[in-house]
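Naming: A, B, ... by sequence-line order, numbering from 1 per chain.
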2 protein chains.
Amino acid sequence: MSLLHFLSSGFSETIVTDPFDTPAVLVDLAVAENNIRRFQAHAAAEGLAARPHVKTHKLPQLARAQIEAGAVGITCQKIGEAEALVAAEPVIADVLLTYNIVGAAKLERLKALARRVRLSVVADSAAVVKGLSRAFAGEERALGVLVECDTGGQRCGVQTPEAARDLAQAIAAAPGLAFRGLMTYPAAGGAGAAAEFLRAAKALIEAEGIAVPVVTSGGTPDIWRSAADGILTEYRPGTYVYNDRSLIARGVATEADCALSVIATVVSVPTPHRALIDAGSKVLTSDLLGLSGYGLVRGRPDIAIDQLSEEHGRLVSEGPIRLEVGDRVSIVPNHVCVVTNMVDAVHVRRADGSLELWPVVARGKVL
Amino acid sequence: MSLLHFLSSGFSETIVTDPFDTPAVLVDLAVAENNIRRFQAHAAAEGLAARPHVKTHKLPQLARAQIEAGAVGITCQKIGEAEALVAAEPVIADVLLTYNIVGAAKLERLKALARRVRLSVVADSAAVVKGLSRAFAGEERALGVLVECDTGGQRCGVQTPEAARDLAQAIAAAPGLAFRGLMTYPAAGGAGAAAEFLRAAKALIEAEGIAVPVVTSGGTPDIWRSAADGILTEYRPGTYVYNDRSLIARGVATEADCALSVIATVVSVPTPHRALIDAGSKVLTSDLLGLSGYGLVRGRPDIAIDQLSEEHGRLVSEGPIRLEVGDRVSIVPNHVCVVTNMVDAVHVRRADGSLELWPVVARGKVL
């Protein structure tokens, strides 16, 4: 059971009392479910397949909710994430790993995973394709491989449509592999430039007689423009399930759309303008994403979280801080995906007010 | 067994091969033990008690090594850290929790912990002292309490020597509590100003007939100046056990003193000047500590880690990047304490080259 404790201070909305100790991560399930429904409706209206990236929540329960809402499968970034979620939730039958899988140990695990679900990965070099093919040549079921394209994000990805074609041909010819299409992230440099790259690559590959069934992009910042250029068949947003302060700043979400909050307790009020809370970088993380400060204190726009150490967050206000030792605050973090990874479990509040503790089963899966 | 794989490329020192998958955290035990010995010798020479902060390693094995080297006890920041380490390592008999403990749930755990070890905490307000006293009034053994002083760090702490005296009196008079001294962190604003505050507070408290057995400060950046002003009786460095890029930048340590490295594999080389590794913010973290870039690639001063996403680190060089898919790199992280918290276990290399996997038993203890 969860209560909002209304005080007469005029700042009642900042004070939270919940029957769990702090710091803690609290997920408002109704808000998350609404975020899932809203994107799924958008995807359906645009004719896009939805393949949410589960790195944001790392929870089998929410992966299931996303699939039940209509997602074609999930996206993972690490084999360990996929293993944990597939083991926990049998409804997950289709996984795209948007990562170059390199090295003998990971390739062995990839084979085991591919026997349980319809599995695809990406590649952006002949070296990665060679490793995948060597591992899967003897397998009954081919491993799906998409070519990762650098359409402006300047992370991984082939650099030109011609390089995408060459790699698609190599995948199509490689034992144990099936070419499944093109992948990019994020669609930086404008949806237009990304679409131009992808359209050119698709045409070059099709000119070789190779089908391009999937063209997939991702990223919540572009979520509502995700079909603007008509080339995409699939979209892979992650953060949309919770939203965060960075998405509020970009105008993609409102505070009310933010499903995940960090609940913290004031442990010190050393001056009239400063308070310290028990959530530091070990919960909120140091991710700034271009913002100033480390989170939004709900109901207190006058407060900045201007400094974090590992176990302390510093709250400052030009006006009176108006917090006392023992008060609780609710914080929308800058970047919600990384917060999920900092805690072993999240508290989940259902629409009826009841609380459950959900282990973050895919937390910490760096391998 | 661990090998340095010497290639003929001229950049052989960057290439690491170890019999574990990446990303991984590797601790060179001989370097860590040398760091422990070196600080202990300094503390002994200065007449300071050493009370290392275990947040940096979160390992019972290294807490034991610190105590066996001569430390009077350990410092923890969270009850959960102390519980995990005390349960794992019986040699830990004296714990200082440098944190305001607030709330019924934590106070219950504090009582249980105080029955197992000689326990001290800090307080910087009457509210915190009241909670501690209420919890410990019926206990057989008094809880040690130090007054936290804000000597320039602008985090927690009483603001004046007079306030320190008032709180010391309250502690000395409170049932279940024993006043044990003064605590500060970090000694910012110059050791001189901090020392002046502490000296004044000590004199005021002693003038009330209350002894001040301990005056304790911390922070590796000031570790070699830690007795400069003669008021301290104890020092609590944390990061010194591993050191990191931030301490190299401050001139406090050399690269050779850095005991902890992140080992990562190159997964993409999309351009001649860019490579992507499988260590992102989920391992290296986004902590910058005023630096540019997210870590030091050993043996490759030309490379900057200029961007992290959760599972990718981007390496760029103005010259040729000279890395291939599958190559491994060894990275000194910016801030080593937070890296420890990102992994469930660390690989430890002994002086004879043998490797062990040590679970980070106090990882993720946010409560």
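Residue B:Q154 touches chain A through both its backbone and its side chain, counting heavy-atom pairs closer than 4.5 Å. Residue B:S281 touches chain A through its side chain alone, counting heavy-atom pairs closer than 4.5 Å. In this structure, chain A has a heavy atom under 4.5 Å from the side chain of B:D344, while its backbone stays farther away. Both the backbone and the side chain of B:R155 come within contact range of chain A, judged by heavy atoms closer than 4.5 Å. With a threshold of 4.5 angstrom between heavy atoms, B:Q159 approaches chain A through side-chain atoms but not through N, CA, C or O. The contact between B:K282 and chain A is made by backbone and side chain atoms together, counting heavy-atom distances below 4.5 Å. With a 4.5 angstrom heavy-atom cutoff, B:V283 touches chain A only via side-chain atoms.
With respect to chain A, the highest number of heavy-atom pairs below 4.5 Å among B:G280, B:C156, B:A279 belongs to B:C156. By number of non-hydrogen pairs under 4.5 angstrom with chain B, the leading residue of A:D150, A:V269, A:D278 is A:D278. If you tally non-hydrogen atom pairs under 4.5 Å between each of A:R314, A:K78, A:H335, A:M342 and chain B, the highest count goes to A:K78. Options B:S309, B:A104, B:S286 differ in how many heavy-atom pairs under 4.5 Å they form with chain A, and the most are formed by B:S286.
With contacts defined as side-chain heavy-atom distances shorter than 4.5 Å, the pair A:T265/A:D21 does not qualify. Using a 4.5 Å cut-off on side-chain heavy atoms (C-beta onward), A:E310 and B:C337 make contact.
Legend: residues meeting salt bridge (charged side-chain N to carboxylate O under 4.0 Å, His left out) with A:K365, ordered by chain and number and at least two apart, are absent. With sequence neighbours excluded, no residue forms a salt bridge (charged side-chain N to carboxylate O under 4.0 Å, His left out) with A:D287.
Counted by atom type alone, A:T98 and A:Q77 present one or more donor-acceptor pairs between their side chains at under 3.5 Å.
Between B:H347 and B:F20, the two ring planes are parallel [angle under 30°; tilted spans 30° to 60°].
A:L146 pairs with exactly one of A:L96, A:L167, A:L97, A:D124 by the side chain to side chain contact (heavy atoms under 4.5 Å, CB included) rule, that one being A:L96.
The 12-atom threshold is not exceeded at CD of B:E324, counting heavy atoms of other residues, nucleotides or ligands nearer than 6.0 Å.
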